[in-house]
There are 2 protein chains.
Amino acid sequence: MIDRIDRRILSILQEDSTVPVAEIGRRVGLSTTPCWRRIQKLEEEGVIKRRVAILDARSVNVKVAAFISITTNQHNADWLAKFADVIKEFPEVVEFYRMAGKVDYLLKVVVPDIEAYDAFYKRLISKIDISDVSTTFAMEEIKNTSQLPLNYVVTEKTRDPVKE
Amino acid sequence: MIDRIDRRILSILQEDSTVPVAEIGRRVGLSTTPCWRRIQKLEEEGVIKRRVAILDARSVNVKVAAFISITTNQHNADWLAKFADVIKEFPEVVEFYRMAGKVDYLLKVVVPDIEAYDAFYKRLISKIDISDVSTTFAMEEIKNTSQLPLNYVVTEKTRDPVKE
DNA sequence: TCTGAAATACCCACTAC
DNA sequence: GTAGTGGGTATTTCAGA
């Protein structure tokens with residue numbers, strides 16, 4: 001169970017995981033060891049999934065983000081499993097969801113430019129048989145964060161959503 | 001300028017930033033110091049933007065992802081600036097793009113459930129005047145990674161996209 | 001002169017108390 | 001929560017291309 005202190009620790013770590021444990025402890029009003037033990041527990045429980053480096057998209061030459069809406073008429077489990085496996089393997093696909101409503105699947109893809117998108121698209125449809133596809137491009141990334149909101153965390157003291 | 005070794009270092013770090021420098025060096029065929037210097041440089045240059053902890057969405061009670069397409073008839077710079085500022089401040093909004101085509105803006109929002117989405121939606125439209133909004137929900141997250149594809153990186157040796 | 005290997009001092013993560 | 005240790009990291013020095 002996550003309490004308020006855990007939540008503050010998570011908030012710090014998902015913003016910057018290089019902050020030393022002693023400093024985190026200081027900020028949340030804990031000494032190093034208990035703070036460190038909480039972090040360990042959060043990692044064991046899988047609340048903290050991993051620690052990663054976030055790269056600059058422009059520096060690695062993926063300046064264009066595209067959203068691909070896929071509608072299909074094939075809905076059996078076998079087909080879906082194969083479809084998902086194939087698409088997951090493309091490194092350009094950074095997000096992939098099965099949707100409710102008219103669109104069946106939504107992909108977020110990152111590539112250098114429209115030309116590269118076209119090449120990617122051809123590779124995609126050559127590997128898998130999909131009926132209806134529509135793509136929209138992001139002109140500007142206004143916000144894109146790995147930080148999840150923590151105001152909905154169920155704390156041990158209360159079951160109500162708590163404001164940050 | 002990024003070379004092949006840098007690319008391998010980035011690949012390791014964006015998958016797991018806890019790997020010790022000596023181990024990274026071993027994997028890319030470098031001793032600790034030059035490897036460490038490369039990482040420093042990549043951070044200085046902003047290729048590595050930050051190091052963060054990735055949290056488990058279910059553990060922090062945000063199981064539902066929604067995509068909100070916003071169409072507006074207001075296109076002046078003032079309005080956009082205000083609009084962007086307001087929306088950015090919602091922690092539930094994890095992604096926010098200005099789009100090309102019919103839809104003007106696309107938001108990705110994470111919340112605990114449909115009920116919470118509704119509450120969020122009401123708060124959103126109370127703060128800002130938007131004409132046309134449509135929401136689709138993700139039923140299943142098949143892939144969601146912070147790892148960018150590195151096969152498009154422009155290396156010092158070649159300007160061609162290089163296969164991983 | 002630039003790049004990499006070896007060596008050291010220091011600081012932080014982690015353990016025992 | 002405090003004290004102490006091992007290990008990784010930051011930094012310097014040195015060797016070689």
Side-chain angles (χ1 to χ4, degrees), chain A residues 1-56 59-61 146-148 150 153 155-157, chain B residues 1-56 59-60 146-148 150-151 153-160 162 164:
Chain A
M1 191 89 286
I2 296 169
D3 68 6
R4 274 86 181 265
I5 295 175
D6 287 330
R7 216 173 56 186
R8 295 181 61 195
I9 293 171
L10 292 174
S11 171
I12 294 166
L13 285 178
Q14 76 170 340
E15 210 211 312
D16 180 5
S17 65
T18 67
V19 180
V21 179
E23 170 63 16
I24 299 172
R26 201 190 57 72
R27 290 195 207 165
V28 304
L30 237 56
S31 74
T32 309
T33 312
C35 184
W36 178 83
R37 277 204 268 257
R38 278 169 181 268
I39 295 169
Q40 291 300 311
K41 195 154 168 272
L42 289 166
E43 272 169 355
E44 275 166 30
E45 289 168 345
V47 179
I48 297 172
K49 280 205 293 192
R50 60 207 317 194
R51 289 155 182 270
V52 301
I54 301 291
L55 307 187
D56 178 52
S59 300
V60 296
N61 199 29
S146 58
Q147 296 174 46
L148 300 176
L150 298 178
V153 173
T155 64
E156 61 183 4
K157 301 270 168 75
Chain B
M1 190 89 289
I2 296 170
D3 67 8
R4 275 85 182 266
I5 295 176
D6 286 331
R7 215 174 55 185
R8 294 181 61 194
I9 293 171
L10 292 173
S11 171
I12 294 166
L13 285 178
Q14 75 170 341
E15 210 210 312
D16 180 5
S17 65
T18 67
V19 180
V21 179
E23 169 64 16
I24 298 172
R26 201 190 55 73
R27 291 195 207 165
V28 304
L30 239 55
S31 74
T32 308
T33 312
C35 184
W36 178 83
R37 276 204 275 253
R38 279 168 181 269
I39 295 168
Q40 292 299 311
K41 194 153 169 272
L42 290 166
E43 272 169 354
E44 276 166 30
E45 289 168 346
V47 180
I48 295 173
K49 280 205 292 192
R50 59 206 319 193
R51 288 154 182 270
V52 301
I54 301 292
L55 307 187
D56 177 53
S59 301
V60 296
S146 57
Q147 297 175 45
L148 299 176
L150 298 178
N151 48 321
V153 173
V154 181
T155 64
E156 62 182 4
K157 301 268 170 75
T158 170
R159 292 208 118 249
D160 294 319
V162 180
E164 194 67 14

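As the structure is a prediction and not an experimental result, all values here were calculated from the model. Proteins come first, then strands; the chains are lettered A, B, ... in the order of their sequence lines, and each starts at number 1.
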Notebook entry, point to check: Of Pro34(B) and Val19(A), whose closest DNA chain C nucleotide lies nearer the 5' terminus?
Noted result: Pro34(B)

Check: To the nearest angstrom, how far is Ile9(B) atom CD1 from dG4(C) atom P?
Finding: 10 Å

Notebook entry, point to check: Should Trp36(B) be listed as having a side-chain N or O under 4.0 Å from OP1 or OP2 of dT9(D)?
Noted result: no

Next item on the list: Rounded to the nearest angstrom, tell me the gap between atom CD in Gln40(A) and atom P in dA16(C).
Entry: 13 Å

Item checked: Asp3(B)/Arg38(B) salt bridge by N-O under 4.0 Å criterion -> yes

Next item on the list: Please evaluate the base of dT2(D) for a donor-acceptor partner in the side chain of Thr32(A) within a cut-off of under 3.5 Å?
Entry: no

Item checked: Rounded distance (Å) that lies between atom P of dA10(D) and atom CD of Glu43(B) -> 9 Å

Next item on the list: Rounded off to whole Å, could you give me the CZ-to-P distance for the Arg26(B) and dA5(C) pair?
Entry: 14 Å

Margin query: Distance check needed: dC11(C) P versus Glu23(A) CD, whole Å only.
Written below: 15 Å

Check: Separation of Ile24(A) atom CD1 from dC12(C) atom P, in whole Å?
Finding: 12 Å

Note to self: With nearest nucleotide decided by heavy atoms, which residue, Arg37(A) or Pro20(A), maps closer to the 5′ end of DNA chain C?
What the structure shows: Pro20(A)

Margin query: Looking only at the side chain of Thr33(B) (C-beta and beyond, no hydrogens), which of the listed nucleotides dG4(C), dT12(D), dG1(D) gets closest?
Written below: dT12(D)

Notebook entry, point to check: Rounded to whole angstroms, how far apart are CD1 on Ile39(B) and C1' on dT11(D)?
Noted result: 15 Å

Notebook entry, point to check: Are Glu43(A) and Lys49(A) ion-paired here, with the side-chain N under 4.0 Å from a carboxylate O?
Noted result: no

Check: Just how far, in rounded Å, is P of dA13(C) from CZ of Arg38(A)?
Finding: 17 Å

Check: Quick one: CG on Leu148(A) to CG on Leu10(A), what's the gap to the nearest 0.5 Å?
Finding: 10.0 Å

Checklist line | Electrostatic pair Glu23(A)-Arg26(A), nearest N-O below 4.0 angstrom | finding: yes

